[in-house]
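Here the structure is laid out as structure tokens; the discussion comes afterwards.
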Amino acid sequence: MKIDTVTTTPFPGQKPGTSGLRKKVSVFQQPHYLENFVQALFDTLQGTRGKTLVIGGDGRYYNREAIQTLIKMAAAKGFGTVLVGRDGLLSTPAVSCIIRKYQAYGGIILSASHNQGGPDGDFGIKYNIANGGPAPEKVTGLIYQNTQEISRYLIADIPDTPLEDIGEFQAGGLTVKVIDPVEDYAQLMESLFDFDLIADMLGEGVFTMCFDAMNAVTGPYAHAILEDRLGAMPGTVINGTPLPDFGGGHPDPNLTYAKELVDIMNGVNAPDFGAASDGDGDRNMILGKHFFVTPSDSLAILAANAHHIPGYRDGLAGVARSMPTSQAVDRVAARLGIECYETPTGWKFFGNLLDAGMITLCGEESFGNGSNHVREKDGLWAVLFWLNLIAARHQSVEHITREHWQAYGRNFYSRHDYEGMDGAIAQEIMDDLRGKITSLTGKSLGRYRVAIGDDFSYTDPVDHSRSEGQGLRLVFDDGARIIFRLSGTGSDSATLRFYMEKYESDPARHNQDPQVALADMIKIANELSGILTRTGRGGPTVIT
Ligand code: G16
């Protein structure tokens with residue numbers, strides 16, 4: 001096998017964000033751009049000779065080309081085997097599952113998750129380590145450092161690998177195995193959930209559901225698991241064929257971008273259950289008939305009901321949530337007598353807690369839940385968890401959620417996103433807020449008194465690594481909170497996120513619209529940041 005050494009120079013800004021490197025497709029298409037990043041990654045990896053690397057992506061534009069480059073560079077690096085999904089497809093949770101099952105060295109996921117695709121959209125790359133989870137900050141930091149010093153990359157001079165059919169190919173010294181993207185993942189799901197019980201519910205044709213794969217990677221998984229294995233009616237899965245541009249849509253399962261599903265679930269003759277997943281299959285949105293479950297509530301409900309699910313019947317070791325996620329799950333943990341950890345935003349921060357057996361379930365407000373079955377958040381897993389729960393309790397999504405509020409109280413919660421902002425203005429707003437946040441401690445804002453005003457930092461309880469600057473928070477005396485964060489998953493423009501939360505114990509007040517219940521906090525957030533006057537906008541782009 002001939003290995004070419006190609007001379008190159010660094011590109012600025014190849015710094016992984018919340019979840020890998022995400023840039024415009026046109027940026028990734030520049031000669032050497034992808035190769036530089038991959039070489040910078042490979043230069044951080046020791047002892048890879050003869051080992052297995054998993055490669056897959058969400059099928060977005062440029063996925064196929066990038067995979068061929070990765071295979072050739074993996075061959076040059078001396079990997080022994082590459083496992084790649086047919087057609088280059090693997091959902092993010094499936095990559096995590098496959099890394100763990102086959103004890104691979106690690107995996108590369110080509111995805112920009114919920115960001116738009118197509119030639120004018122985004123592309124992304126992320127490295128996962130041997131536990132199946134996203135590389136921790138110490139690894140992404142090294143990769144970034146290497147990108148700034150890179151002067152050459154190594155690539156094998158071998159032909160492209162056909163990815164259309166399952167099979168095994170020799171590429172120089174490398175064995176490329178093209179695998180079924182669904183099978184290993186489906187087997188894992190079957191080991192966790194009561195498929196017979198769910199199939200009985202779905203097969204009767206009385207209980208109806210709609211799953212929106214948003215023209216992204218979850219389509220094949222949902223067809224195979226929900227329709228083929230569990231017997232849901234054909235047509236249950238909509239937008240189930242992965243398209244390079246996601247059909248022109250925004251594969252983000254929220255109330256704004258999953259509009260087709262939301263309209264179905266709010267329409268006449270709405271199905272009993274609705275769910276959607278994102279570009280790479282790790283997010284989920286859960287809906288009942290005319291009813292939305294916030295991701296934070298979903299996490300709390302899953303934790304409170306885990307004993308109904310075969311895979312979690314032995315109980316939960318602990319739970320974790322990202323800092324901006326509502327404190328609903330904290331209440332469940334307190335009642336179960338287990339620990340609840342608060343981590344910065346980013347799934348990578350759950351890895352150590354899961355590996356150490358300190359937590360079983362974890363989740364984030366950004367439509368992500370998961371457990372110790374893999375080291376990524378997992379969209380279809382959450383959907384199956386809910387289906388198993390509904391089948392076990394014989395109750396609707398709304399009933400289960402309202403009963404949860406009755407038992408624990410309701411954490412009213414909302415996130416306001418200001419997308420597509422000028423980066424300098426977004427940074428200026430955050431800098432101004434940071435400048436005054438600590439001095440607000442002890443002061444009154446409206447009828448709230450600030451107990452803590454700070455920039456959140458985290459010390460990992462396992463490896464004691466420290467992460468600073470993880471979001472500005474105002475925690476009020478009664479536990480209500482306002483949080484300001486700059487998103488770390490955008491590609492060019494900036495997104496500002498405001499998170500508002502307050503607790504209501506009185507069931508008589510649980511019916512309020514969260515925007516009404518939180519109106520005074522939203523006002524405080526807007527006034528403190530000056531967002532509307534400084535941007536000239538009438539309001540947020542997305543409200544969750
Ligand atoms: C990623 C991370 C999540 C994070 C989310 C939002 O999700 O894996 O941990 O909560 O981004 O991050 P931000 O608020 O910085 O945009 P995904 O689905 O995009 O990979």
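Quick note: residue numbers are just sequence positions, from 1. Numbering of ligands and ligand atoms starts at 1, following listing order.
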Next item on the list: Please list, chain by chain and in numerical order, all residues satisfying ring pair (Phe, Tyr, Trp, His ring centres under 6.0 Å) with His250, sequence neighbours excluded.
Entry: Tyr257
Checklist line | Residues Asp432, Arg534: salt bridge by 4.0 Å N-O rule | finding: yes
Notebook entry, point to check: Would you call the rings of His404 and Tyr408 parallel, tilted or perpendicular, where under 30° means parallel and over 60° means perpendicular?
Noted result: parallel
Next item on the list: Show the numbers, then the answer: is there a ring-ring contact (aromatic ring centres under 6.0 Å, His included) between Tyr503 and Phe412?
Entry: CA-CA 6 Å; Tyr503 179 69; Phe412 278 103; 9.5 Å; no
Check: Looking at Phe123 versus Tyr61, is the centre-to-centre ring distance below 6.0 Å?
Finding: no
Notebook entry, point to check: So which protein residues pack against ligand 1 under 4.0 Å, heavy atoms counted?
Noted result: Thr18, Ser19, Arg22, Ser113, His114, Asp278, Asp282, Arg283, Thr345, Gly346, Trp347, Glu364, Ser366, Lys377, Arg485, Ser487, Gly488, Thr489, Arg497
Note to self: Could you go through Asp120 and Lys24, starting from their C-alpha distance and side-chain angles, then the distance that decides it, and tell me whether this counts as salt bridge (Lys or Arg N to Asp or Glu O under 4.0 Å)?
What the structure shows: CA-CA 7 Å; Asp120 300 323; Lys24 288 278 168 220; over 6 Å; no
